[in-house]
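Below is one structure, written out as C-alpha cells, with a few remarks after it.
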Amino acid sequence: MYRVKQFLPALIVALGLFASMVYTGVSRVRAEDVPVIDITAKRFAFSPDKITLKQGQTVKLRLHSEDVTHGFFLRPLKLDEEIPAGQTVEVTVTPQTPGTFTTICDHFCGANHGNMNMTIVVE
Ligand SMILES: [Cu+2]
C-alpha cells in the first residue's frame with residue numbers, strides 16, 4: 001500500500017499526459033494536413049476573387065497585402081483580419097454553414113475601397 005501511495009502522483013501525471021496526447025490527436029488536425037489557400041489583397045481587389053471551401057474542412061488562409069493595409073472581414077465565418085501593408089497573415093478557418101458569402105475589405109484603403117470584396121462559397 002505504501003508503494004502505491006508513493007507512486008500515485010507520478011501515475012496521475014502519466015495518465016494526464018497520456019490523456020492529453022490522445023485528446024490532441026483526436027481533436028486537432030495536424031498542421032501539415034491543412035490545405036493552404038493564398039489570397040492577395042491589392043487596391044481594390046482580392047485575388048482570387050472567389051474560393052470554394054468544404055463544410056467542416058479546416059483550411060489555412062494566407063493573406064498577403066501587396067500595397068497598403070487591407071481588412072478581411074466575414075462575420076459568418078468569424079473572419080476579422082487586418083492585413084498590414086506588404087505583410088502576410090495566416091488565419092485558420094473551419095466553415096460550418098454552407099452558403100455563398102461576401103468577404104469585404106473593412107480597412108479604408110483608398111477611393112474604390114467600398115468595392116473591394118471576394119466571394120467565399122462553402123459547400
Ligand atoms: Cu482594401
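Note that the structure is predicted; figures quoted are calculated from it, not measured. Atoms within each ligand, like the ligands themselves, are counted from 1 in listed order.
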(request) Please list, chain by chain and in numerical order, all residues satisfying ring-ring contact (aromatic ring centres under 6.0 Å, His included) with His64, sequence neighbours excluded. (result) none
(request) Evaluate the side-chain proximity of His70 to Arg43: yes if any heavy-atom separation is below 4.5 Å, no if none is. (result) yes
(message) Any salt bridge linking Lys42 with Asp67? Criterion: basic side-chain nitrogen under 4.0 Å from a carboxylate oxygen.
(response) no
(message) Would the distance check show the side chain of Thr69 and the main-chain N or O of Ala85 forming a donor-acceptor pair, the cut-off being under 3.5 Å?
(response) yes
(message) As a quick check of understanding, evaluate side-chain contact (heavy atoms from CB on, under 4.5 Å) for Phe101 and Val121, giving each step before the final call.
(response) CA-CA 6 Å; Phe101 306 100; Val121 177; over 6 Å; no
(message) Grouping I, L, V, M, F, W and Y whenever their side-chain heavy atoms are under 4.5 Å apart, do Leu53 and Phe73 come out in a common cluster?
(response) no
(request) Taking 2.8 Å as the upper limit, name the protein N, O or S atoms near the Cu ion (ligand 1). (result) His70 ND1, Cys105 SG, Cys109 SG, Met116 SD
